[in-house]
**Q** 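Encoded as structure tokens, here's the structure I'll be asking about.
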Protein chains: 2
Amino acid sequence: MKTIEVDEELYRYIARQTQHIGESASEILRRLLGMTPLNGEETYLSAYPETEESPVAGFVQTVELSELLNSSELAAKESAIDRFMLILSSLYQANPDAFTNATEIKGRKRIYFARTEEELRATGNTTKPKPVPGTPYWVISNTNTGRKRNIVGLLMTAMGYSAEFIEQVCEKI
Amino acid sequence: MKTIEVDEELYRYIARQTQHIGESASEILRRLLGMTPLNGEETYLSAYPETEESPVAGFVQTVELSELLNSSELAAKESAIDRFMLILSSLYQANPDAFTNATEIKGRKRIYFARTEEELRATGNTTKPKPVPGTPYWVISNTNTGRKRNIVGLLMTAMGYSAEFIEQVCEKI
DNA sequence: GACGGGATCGCCGGGATAATTA
DNA sequence: TCTAATTATCCCGGCGATCCCG
């Protein structure tokens with residue numbers, strides 16, 4: 001479980017949407033947002049301590065991430081760039097620390113990730129930086145699909161994922 | 001501020017919906033839930049009783065969508081914009097919740113639906129917002145017929161209608 | 001902001017392909 | 001020089017909004 005801060009009015013709004021006694025905030029929000037309800041198994045997921053340092057060493061595919069592969073959310077993305085961005089978001093969220101370290105990967109001239117738009121602009125002519133949602137990072141986007149796969153591959157390798165899993169992810173882009 | 005507990009997956013989903021850096025959980029949720037954003041001149045907002053889910057609640061919605069297609073009411077409309085509006089009204093009445101979720105669809109710069117005229121104005125130069133009758137929503141109207149079809153298509157897809165039915169509806173616009 | 005509808009045309013984003021560099 | 005890797009130009013399709021027409 002995670003905690004988030006919401007303003008008073010929003011809090012009351014959510015509370016008012018309760019449909020049965022004992023319904024949790026998650027259940028209400030999932031319903032209102034049109035997400036699929038949480039089933040039994042997923043509770044098990046949260047058994048992973050959030051503090052868990054780094055699943056790095058080619059370990060724990062983090063169930064969450066392998067779920068992403070067949071999620072409708074990923075499938076719903078029309079373009080390579082959208083799938084690319086969603087995967088980056090998910091990778092960050094799976095392990096912010098490992099992601100942060102891995103962020104140092106770069107090409108011959110261009111750097112691929114930075115905390116600001118300007119940093120990316122500074123290392124190439126037309127990098128077309130984009131913010132990665134839910135993340136303090138920006139990525140370059142002026143790349144063909146092959147390079148997007150490449151970037152994800154480099155990133156995930158640096159994060160410690162197994163080659164097999166990396167390939168599965170890259171195929172989806 | 002209040003804190004609420006949400007499950008991991010939901011947390012990640014929310015984080016991913018960030019539209020600009022520094023956007024808070026409240027802001028994101030308000031946007032996704034179709035609430036008005038919290039800001040200075042917000043006193044005006046609270047004038048609306050929060051319980052007022054939709055102005056139309058209580059209406060008997062007898063208009064079956066498939067009936068609409070061959071109805072004289074639709075045929076009587078002279079212009080694409082009128083047929084467009086009638087279809088939107090009917091979609092809302094067929095399923096307010098699904099409509100509300102689907103309302104998030106947008107173009108490259110413009111959002112297509114909002115609860116206020118101003119929100120639509122804010123995302124484009126000349127959107128020409130119009131209220132959708134029988135609905136708490138406004139829609140942009142500065143579009144050609146192709147785009148009106150497009151908007152209905154996107155909306156209905158998000159609402160879960162079949163591609164075949166969607167096509168039948170769009171043809172009528 | 002006050003005429004409204006919407007076709008037409010200009011612009012932008014995605015990303016394949018051409019150009020460049022090691 | 002030839003090849004492989006990387007960059008970024010540039011084409012295409014889609015979106016926005018100007019502006020023409022009823």
Side-chain angles (χ1 to χ4, degrees), chain A residues 74-89 104-114 117-133 138-155 157-158 170-173, chain B residues 19-20 74-88 103-114 116-133 138-155 157-158 166 170-173:
Chain A
L74 182 61
K77 302 296 183 187
E78 300 243 311
S79 58
I81 184 71
D82 288 344
R83 291 186 293 274
F84 178 66
M85 298 301 286
L86 175 55
I87 288 169
L88 293 180
S89 285
E104 283 168 27
I105 58 172
K106 54 184 159 226
R108 196 163 54 215
K109 301 168 57 183
R110 306 191 288 189
I111 61 174
Y112 293 153
F113 294 89
E117 198 179 344
E118 291 70 31
E119 284 177 78
L120 294 180
R121 287 246 163 71
T123 62
N125 285 345
T126 53
T127 52
K128 297 188 187 175
K130 276 183 188 296
V132 185
W138 291 68
V139 208
I140 66 166
S141 80
N142 184 205
T143 62
N144 57 32
T145 303
R147 185 134 308 269
K148 289 187 184 78
R149 295 204 174 97
N150 201 296
I151 291 173
V152 168
L154 286 170
L155 188 80
T157 301
C170 288
E171 269 174 13
K172 292 282 183 175
I173 294 178
Chain B
Q19 280 191 350
H20 59 83
L74 184 61
K77 303 294 186 189
E78 294 266 311
S79 59
I81 184 68
D82 289 342
R83 291 187 291 275
F84 178 66
M85 298 302 283
L86 175 56
I87 288 168
L88 292 181
T103 247
E104 282 169 36
I105 58 170
K106 54 187 162 225
R108 194 166 58 214
K109 301 169 58 181
R110 306 190 287 191
I111 60 174
Y112 293 154
F113 294 89
T116 65
E117 197 180 346
E118 291 70 31
E119 283 177 80
L120 294 180
R121 288 248 161 69
T123 63
N125 286 345
T126 52
T127 52
K128 297 188 187 175
K130 280 183 187 295
V132 184
W138 291 67
V139 69
I140 65 166
S141 79
N142 184 204
T143 61
N144 58 32
T145 304
R147 184 135 311 274
K148 289 187 185 76
R149 294 203 174 99
N150 202 295
I151 291 172
V152 169
L154 285 170
L155 188 80
T157 301
I166 292 173
C170 288
E171 270 174 12
K172 293 283 184 176
I173 294 177

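Quick note on labels: first sequence line is chain A, next is B, and so on, each numbered from 1.
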**Q** Can you tell me which nucleotide in D/dC15, C/dG5, C/dG15 comes closest to the side chain of B/I81?
**A** C/dG5
**Q** Hey, what do you get for NZ (A/K148) to OG1 (A/T145), rounding to the nearest 0.5 Å?
**A** 5.0 Å
**Q** Rounded to the Å, how far apart are B/R110 CZ and D/dG14 C1'?
**A** 12 Å
**Q** Would you kindly give the CG-to-C1' distance between A/D82 and C/dG15, to the nearest whole Å?
**A** 13 Å
**Q** Taking atom P of C/dA7 as reference, at what distance in whole Å does atom CZ of B/F84 sit?
**A** 13 Å
**Q** Base, sugar-phosphate alone, or nothing: which one does A/Y112 contact when heavy atoms must sit under 4.0 Å apart?
**A** sugar-phosphate
**Q** Within this structure, what is the CZ-to-P distance between B/R147 and C/dC11, rounded to whole angstrom?
**A** 18 Å
**Q** Between OG1 of B/T143 and CZ of B/F84, what distance do you get to the nearest 0.5 Å?
**A** 6.0 Å
**Q** Please report the distance, rounded to the nearest Å, between CG in A/N142 and C1' in C/dG14.
**A** 9 Å
**Q** Has A/S141 got a side-chain N or O lying under 4.0 Å from the OP1 or OP2 atom of C/dG13?
**A** no
**Q** For nucleotides 19-22 of chain C, print each protein N/O atom paired with a nucleotide N/O atom at under 3.5 Å, atom names and distance only.
**A**
{"residue": "C/dT21", "atom": "O2", "partner": "A/R108", "partner atom": "NH1", "Å": "3.4"}

**Q** Contact list please: residues 118-130 of chain A against DNA chain C, heavy atoms, distance less than 4.0 Å, in numerical order.
**A** A/K128, A/K130
**Q** When you measure from the side chain of A/T127 to the backbone of A/I140, do you find a donor-acceptor pair of N or O atoms at a distance under 3.5 Å?
**A** no
**Q** To the nearest 0.5 Å, what is the distance between OG1 (A/T123) and CZ (A/R108)?
**A** 13.0 Å
**Q** So, does the side chain of A/N144 form a donor-acceptor pair with the base of C/dT17 at under 3.5 Å?
**A** yes
**Q** Between D/dG16 atom C1' and B/L154 atom CG, what is the distance in whole Å?
**A** 15 Å
**Q** For C/dA7 and B/T145 - does any side-chain N or O of the residue sit under 4.0 Å from the phosphate oxygens OP1/OP2?
**A** yes
**Q** Look at the side chain of A/R110 and the backbone N and O of A/G124, then say whether any donor-acceptor pair between them is shorter than 3.5 Å.
**A** no
**Q** Take atom CD1 of B/I173 and atom C1' of C/dG6, then tell me their distance rounded to the nearest Å.
**A** 13 Å
**Q** Distance check needed: C/dG15 P versus A/E78 CD, whole Å only.
**A** 11 Å
**Q** Hey, what do you get for CD1 (B/I87) to CG (B/D82), rounding to the nearest 0.5 Å?
**A** 11.0 Å
**Q** Where each residue is assigned the nucleotide of DNA chain C containing its nearest heavy atom, which of B/R83 and A/G146 is assigned the position nearer the 5′ end?
**A** B/R83
**Q** Hey, what do you get for OH (A/Y112) to CG (A/L120), rounding to the nearest 0.5 Å?
**A** 11.5 Å
**Q** Select base, sugar-phosphate, or nothing to describe what B/E117 touches, counting heavy atoms under 4.0 Å on all strands.
**A** base
**Q** Give me the atom names and distance for the closest heavy-atom approach of B/M85 to B/K130.
**A** CE-CB, 4.0 Å
**Q** Can you find a heavy atom in the side chain of B/R147 that is under 4.5 Å from one in the side chain of B/N144?
**A** yes
**Q** Take atom CD in A/E104; do more than 12 heavy atoms of anything else shown fall under 6.0 Å from it?
**A** no
